[in-house]
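Because the structure is predicted, anything quoted here is derived from the model rather than measured.
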2 protein chains.
Amino acid sequence: MTQPIAQALSARLRDMILAGEFQAGQHLREVQLAQLFGASRTPVRLALAANEKDGLLEYSPNRGYVVRPFAGEDIAAAFEMRAQIEGLAARKAAERGLSPEAARRIAETIDTDARVLSGDAPLDDGAREAWRANNAVFHKTIIEAADNRFIGPALQTVQRIPGVYPPVLASYDPVLLRKYNGHHRRIGECILARQGTRAEFLMREHVFEAGEDILTSLHPAHGPAQDLAGAAE
Amino acid sequence: MTQPIAQALSARLRDMILAGEFQAGQHLREVQLAQLFGASRTPVRLALAANEKDGLLEYSPNRGYVVRPFAGEDIAAAFEMRAQIEGLAARKAAERGLSPEAARRIAETIDTDARVLSGDAPLDDGAREAWRANNAVFHKTIIEAADNRFIGPALQTVQRIPGVYPPVLASYDPVLLRKYNGHHRRIGECILARQGTRAEFLMREHVFEAGEDILTSLHPAHGPAQDLAGAAE
DNA sequence: ATCGGTCAGGTTGTATGCAATCTCATTATC
DNA sequence: GATAATGAGATTGCATACAACCTGACCGAT
């Protein structure tokens, strides 16, 4: 990453941006951030550059950094990329095969989620956190099994989008989560059966649907059709 | 990007790394680079951080930056990602449709390439440069037509790989280029016909084959099979 | 002889000063 | 009255000084 203090500042700044603590287009001044963080301009400058590279800020020479705006189409575009890249990960994981340990971890997340979601009551905080953690492990295990150095970083830049930040979002609808649990189960089965093509497209559709659901929850008025779906083929 | 001088240094450093002017694993010292570039440590530090973000350097706190090694599997992994992402671009371009201007540009690159490659003689420098430029326009036009903010940057990080740098490579084999020209023609036809699925997979295969050809030219001994193809499905 | 400690040199990390550039309000000109 | 020029304040860009840390050699103890 970057340097000790600069590294921490970069992460703090990133989280602030993702949490929506700045307005889109806002000019982030170095001295202002330095005072806020209790540091000098040097590490702040590095943190700004790092977040610009991550696509969260825009830079103009001699003018500094402004917060990059994210519209609905940008969120849809990010999920399109996620679907495509995680589809690759699922296919490669199926082609290469899972280690016994990876297979065990994936099965465990699926079974645990099914158990957590078995009741009809809305999820309490513990259940939500359990689901969030299991979801992360499921996707992370497949990405690691794909064994492609470029997948992880590419996914990070497309997952860290203001407005889709898990702490902000938190639309833990049990109906949706049960649907996702079913997706996970089928994807896991395909990977174990070494069916790469099915795994790829089920994963693609899984991520795409999750994106649709999030866009729907963000714009309750109109459905996700005009945001995510392009022209018909 | 970054600051005036730092921006230039970042590009110079990147080109030096891509051109293979440093050994893999080499420790890049700030003062040394500063003297080489005739600047102070401040912009050099920004250039190092930028190239680390681009995946060309590795950073350890209080130890600085070392040149990241790239093995054959890394090149194969990069082409896998390129194939997947450019496949998305081709599909989206087909779904959204091309502007008349974009359609014209694509047709022109295909026809010009076909003319340049019509002879049997090996290509001279002008022909090579023409093909390189046309190839860039073809891919760039499709990527722009896909209209997804995340595609361009993701492709850059996966295209800028030491050892696959065009000036270094320069394996302009007319037989291969004619094959690629045929790929381009079919991909262009699919996009114009709004056949997104065919466009996606033809593009994926096009990039994949190009990767195979490059790996073959890099390791003439063994074929690309063990590098690019994973386990059978 | 081997292992651990200590210190000097070198490298990175941060702070700060100065120069260059931009912003924007005020003024001058048409 | 509208537009262009000007200048002060603010902000970024770069250089450099100092502090923190790491590396490796030397030395002493076991």
From CZ of A:R45 across to P of C:dA15 the rounded distance in Å is 14 Å

Taken to the nearest whole Å, CG/A:L46 to P/D:dG13 is 12 Å

Hey, what are the protein-to-nucleotides 15-18 of chain D N/O distances that come in under 3.5 Å?
unit_1	atom_1	unit_2	atom_2	d
D:dA15	OP2	B:S40	N	2.9
D:dA15	OP2	B:S40	OG	2.7
D:dA15	O5'	B:S40	OG	3.4
D:dA15	N7	B:T42	OG1	2.6
D:dT16	O4	B:T42	OG1	3.2

Taken to the nearest whole Å, OH/A:Y65 to P/C:dC22 is 16 Å

Applied to residues 136-146 of chain B, the salt bridge (Lys or Arg N to Asp or Glu O under 4.0 Å) test, sequence neighbours excluded, yields B:R105-B:E144, B:K140-B:E144

Residues at least two apart in sequence or cross-chain that pass side-chain contact (heavy atoms from CB on, under 4.5 Å) with A:A133, listed by chain then number, are A:E129

For residues 31-44 of chain B, the side-chain hydrogen bond (donor to acceptor under 3.5 Å, both in side chains) pairs (sequence neighbours left out) are B:E30-B:R41

When B:L215, B:V158, B:V164 are each screened for side chain to side chain contact (heavy atoms under 4.5 Å, CB included) with B:F79, the one that passes is B:V164

List every contact pair, protein side and nucleotides 21-23 of chain D side both N or O, where the distance is under 3.5 Å.
unit_1	atom_1	unit_2	atom_2	d
D:dT23	OP1	B:R63	NE	3.0

Here the distance between atom P of C:dT12 and atom CD of A:Q7, to the nearest Å, is 16 Å

* Pi-cation contact, A:Y65 with A:R45 (under 6.0 Å, within 45°) -> no

By side-chain contact (heavy atoms from CB on, under 4.5 Å), A:A210 pairs with (sequence neighbours left out) A:Y180

B:H27 atom NE2 is separated from C:dT11 atom P, nearest whole Å, by 8 Å

Rounded to whole Å, CG of A:L9 lies from P of C:dG13 at a distance of 14 Å

Applying salt bridge (Lys or Arg N to Asp or Glu O under 4.0 Å) to A:D147 and not counting sequence neighbours gives A:R96

Exercise. Looking across every strand, which nucleic acid part, if any, lies under 4.0 Å from A:L28 by heavy atom: base, sugar-phosphate, or nothing?
Worked result: sugar-phosphate

note: A:R29, atom CZ; C:dC22, atom P; distance rounded to Å ~ 16 Å

The side-chain contact (heavy atoms from CB on, under 4.5 Å) partners of A:P69 (sequence neighbours excluded) come to A:A24, A:E58

Here the distance between atom C1' of C:dT21 and atom CD of A:E30, to the nearest Å, is 13 Å

Those residues at least two apart in sequence (or on a different chain) that pass side-chain contact (heavy atoms from CB on, under 4.5 Å) with B:A199 are B:A90, B:A94, B:C190, B:I191

